[in-house]
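Excluded from the calculations below are hydrogen atoms, water molecules and symmetry mates; all remaining heavy atoms, backbone and side chain alike, are included. Being a predicted model, the structure only gives us computed values, none of them experimental.
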Amino acid sequence: MKPLSLLMEILVILEVIIKNIEAEKHNRKQKERNVTTQVSVNEIKQFLSHILERRKLIKVIYQRENAVGKKKIQRKLRIKGIQNKDLSKRNKTHLRNQAKKNFTDEGDQLFKTGIKILQQSKSQKQKAEAYVFFAKAADMGNLKAMEKMADALLFGNFGMQNITAAIQLYESLAKEGSYTAQNALIYYTFGSAGGSMMSQMILGYRYLSGINVLQKYVKGVPSLNHFSEENFWEVKMRPREWGNKGQKALYYFLKAAKAGSANAMAFIGKMYLEGNAAAPQNNATAFKYFSMAANKGNAIGLHGLGLLYFYGKGVPVNYAEALKYFQKAAEKGWPNAQFQLGFMYYSGSGVWKDYKLAFKYFYLASQSGQPLAIYYLAEMYATGTGVLRSCRTAVELYKGVCELGHWAEKFLTAYFAYKDGDIDSSLVQYALLAEMGYEVAQSNSAFILESKKAKILEKEKMYPMALLLWNRAAIQGNAFARVKIGDYHYYGYGTKKDYQTAATHYSIAADKYHSAQAMFNLAYMYEHGLGIAKDIHLARRLYDMAAQTSPDAHIPVFFALMKLETVHLLRDILFFNFTMRWKWMKLDNTLGPYWDLFVIGLIIVVLIFLLRNRYG
């Protein structure tokens, strides 16, 4: 055996051994984590199992206490008279209220402890410990803790999913006025009135799309009124968001700044402008680093200086200077500066009001997803300020702003639940986001239902529900969802087979969204005359268009055209044989039995004549 091949074999063996060792370590850690989590989950379930029973018992106990209390009062009335009765009643009420207050305070304290642990938790074990406190607090009647536990049961946190128990708990909470529970039970109107932004989003989406309600447009996003970028920074970029990594972030930014990085300088300025544990709020230091970055032509630094002059932080308010820096940053494509320019022209801050320029800069910033720019565009469309009034456009823009809320974090938890194999939990979370109008969540929910991996629904209900969700996603402009609707009608998934409807949806996807898949499917239907008139020429054209639209379609289109051409060649040959025999019989009678030799000779003469003329 050659030394090189021997060495290669040894390396392969070593690699296999190392992988096996790593796999064993991973499995051991996984088992340990599962055991610790399971202990916590079991502990939580023990509390959960009797929360509902306790709530029923509390009512019975109060009823009994009232009955016993009435008997005692009546007995004391006979003995001590009305005066003693009033004193006894006051004492009993005071003691009962005191006991209830102590019980409530303990529940509140447990809930706060759970929240604190949850905020500081970095592992699944720590999160599970937080839910133990929530379970104890819920056992003491704490409504917020009960909401947390109901959510855990609904979404399947830590393997606790139990839809039936969640519904029972939500129903109990809804009777006590919990808007979270009302929202979960689809009492959207009550939840919205109670202040639930999620309920308001669900209602807004339903009115926008006319789902089970009369379609109408109403102005939304009340909580964003009079927003400016200054308080937007305060909301979106709170110092705590730097967390414990602030020191490390500042260390590396300073190191990069010394090496000449303009971006690092700008981010140091931003840290000092906002203030945090690592970099206490200091306008002078912020100005220093923003200036250093701006001198290098950095858009973030220029924008930072503009903000300092605009709001008068560490420097006198100077709209002219602010405008100058915002314009320079906007020219470099920085969306926050584009928004700020739009805001200056919209509000008339240091410049004459100019709604056309405001619209221009808001639109530019909105193309990069700048939320405040989207909001002010919605305001302009809603009121017809500087643009033709359009309620639908305004509502769609308001919806876009709402979708940037903290609830969008559920996308991550839903995704990781799916990756970890917790399909039911993932589906519930995506379904909630789908109800709020998130098109991606509608598509993801439909995909999970279509896969039939979920266990919380009966198999026969999955395709009809998936079709409903694909429809909602398609209405919001999802081309893939539009093709899916065509597939469902073509194959009869969740509905009756309907080739005509399938062809209609494929046509929309092909014409409006230039979907290669829709073009291919439509070509096949034209080729075979399924739901539409048979048209071979149009089928060929659509196959070619599919190949031109997407490189992925080249191979399937090649085989589809090969099949189409082969089939029609065979048909032409058969038809040709039949017609030619009939023609030959007629020619034999008119030109004689050797007419074919005459034609061949004539063709040879013509070819010789052409060749002579070409080379002569």
Side-chain angles (χ1 to χ4, degrees), residues 201 204-205 208 217 219-221 224 227-233 235-237 263 266-267 270 297-307 310 322-347 349 351 353-406 408 411 436-443 473-481 512-515:
M201 277 190 71
Y205 170 65
L208 175 66
Y217 310 121
K219 184 179 175 182
V221 205
L224 289 180
F227 242 39
S228 65
E229 189 173 3
E230 183 182 28
N231 55 38
F232 174 74
W233 273 35
V235 172
K236 297 295 285 184
M237 300 297 295
N263 274 334
F267 279 112
K270 194 174 180 183
N298 182 270
I300 305 171
L302 289 163
H303 171 250
L305 283 178
L307 283 178
F310 187 85
L323 183 68
K324 180 180 76 174
Y325 286 117
F326 287 144
Q327 282 175 335
K328 286 181 179 179
E331 285 169 8
K332 293 177 180 293
W334 188 240
N336 289 345
Q338 291 166 345
F339 159 73
Q340 200 64 46
L341 277 177
F343 182 74
M344 288 184 78
Y345 284 111
Y346 181 83
S347 60
S349 302
V351 291
K353 280 188 179 181
D354 189 329
Y355 292 125
K356 286 185 179 179
L357 276 176
F359 181 86
K360 171 191 169 183
Y361 286 115
F362 286 151
Y363 180 78
L364 284 171
S366 72
Q367 296 304 293
S368 301
Q370 217 284 350
L372 286 171
I374 299 168
Y375 170 73
Y376 277 101
L377 277 179
E379 287 281 287
M380 295 183 83
Y381 275 110
T383 56
T385 304
V387 67
L388 190 66
R389 190 169 184 262
S390 171
C391 288
R392 182 171 184 90
T393 305
V395 173
E396 285 175 349
L397 288 165
Y398 282 131
K399 177 176 176 287
V401 178
C402 285
E403 288 181 353
L404 298 169
H406 65 85
F411 270 106
M436 293 166 71
Y438 285 91
E439 174 265 309
V440 175
Q442 290 165 347
S443 300
I475 289 166
Q476 297 201 68
N478 186 310
F480 180 75
K512 192 173 182 180
Y513 304 110
H514 308 291
S515 166

Next on the checklist: Is there a side chain to side chain contact (heavy atoms under 4.5 Å, CB included) between Tyr361 and Phe343? Walk through the geometry before answering.
Outcome noted: CA-CA 8 Å; Tyr361 286 115; Phe343 182 74; over 6 Å; no
Item to check | Taking every non-hydrogen atom, the tightest pair across Pro335 and Ala365 | outcome: O-CB, 3.4 Å
Item to check | side chain to side chain contact (heavy atoms under 4.5 Å, CB included) partner of His303, the single match among Leu305, Leu307, Ile300 | outcome: Leu307
Checklist entry - With Tyr355, which residues qualify under side chain to side chain contact (heavy atoms under 4.5 Å, CB included), at least two apart? => result Tyr346, Lys353, Met380, Thr385
Next on the checklist: Would you compute the distance between atom CG of Leu372 and atom CD of Glu379 and round it to the nearest 0.5 angstrom?
Outcome noted: 11.0 Å
Next on the checklist: Would you compute the distance between atom CD1 of Ile374 and atom NZ of Lys399 and round it to the nearest 0.5 angstrom?
Outcome noted: 11.5 Å
Checklist entry - Is a side-chain donor or acceptor of Tyr438 paired with a backbone partner of Glu403 at a separation under 3.5 angstrom? => result yes
Checklist entry - Backbone N or O of Gly369 within a donor-acceptor pair of the Ser366 side chain at under 3.5 Å? => result no
Item to check | Phe326 vs Phe310, side chain to side chain contact (heavy atoms under 4.5 Å, CB included): CA-CA, chis, key distance, verdict | outcome: CA-CA 10 Å; Phe326 287 144; Phe310 187 85; 4.1 Å; yes
Next on the checklist: Measuring only between side-chain heavy atoms, which start at C-beta, is Tyr376 closer than 4.5 Å to Phe339?
Outcome noted: yes
Checklist outcome for this item: Closest heavy-atom pair, Ala382 versus Ala394, reported as atoms and distance to 0.1 Å, is N-CB, 3.6 Å
Next on the checklist: Between Arg389 and Tyr381 (side chain of the first, backbone of the second, donor and acceptor by atom type, cut-off under 3.5 Å), is there such a pair?
Outcome noted: no
Next on the checklist: Using 0.5 Å steps for rounding, measure from the CE atom of Met344 to the CG atom of Leu357.
Outcome noted: 12.0 Å
Checklist entry - Considering residues, nucleotides and ligands other than Lys324, do more than 12 of their heavy atoms fall under 6.0 Å from its NZ? => result yes
Next on the checklist: Please check if the number of heavy atoms outside Tyr363 that lie under 6.0 Å from its OH is greater than 12.
Outcome noted: no
Next on the checklist: Nearest 0.5 angstrom please: Tyr375 OH to Leu404 CG, how far?
Outcome noted: 14.0 Å
Item to check | Which atom of Ala266 lies closest to which atom of Asn298, heavy atoms considered | outcome: CB-OD1, 3.6 Å
Checklist entry - Once you round to the nearest 0.5 Å, how far does NZ of Lys328 lie from CG of Leu323? => result 11.5 Å
Item to check | Least distance between heavy atoms, Ala358 atom then Gly342 atom | outcome: CB-O, 3.5 Å
Next on the checklist: Taking Gly437's backbone N and O only, do any of them form a donor-acceptor pair with Gln476's side chain (distance below 3.5 Å, no angle check)?
Outcome noted: yes
Item to check | Minimum-distance pair of heavy atoms, taken over all atoms of Gly306 and Ala322 | outcome: O-CB, 3.5 Å
Next on the checklist: I need the Trp334 CH2 to Gln370 CD distance, nearest 0.5 Å.
Outcome noted: 9.5 Å
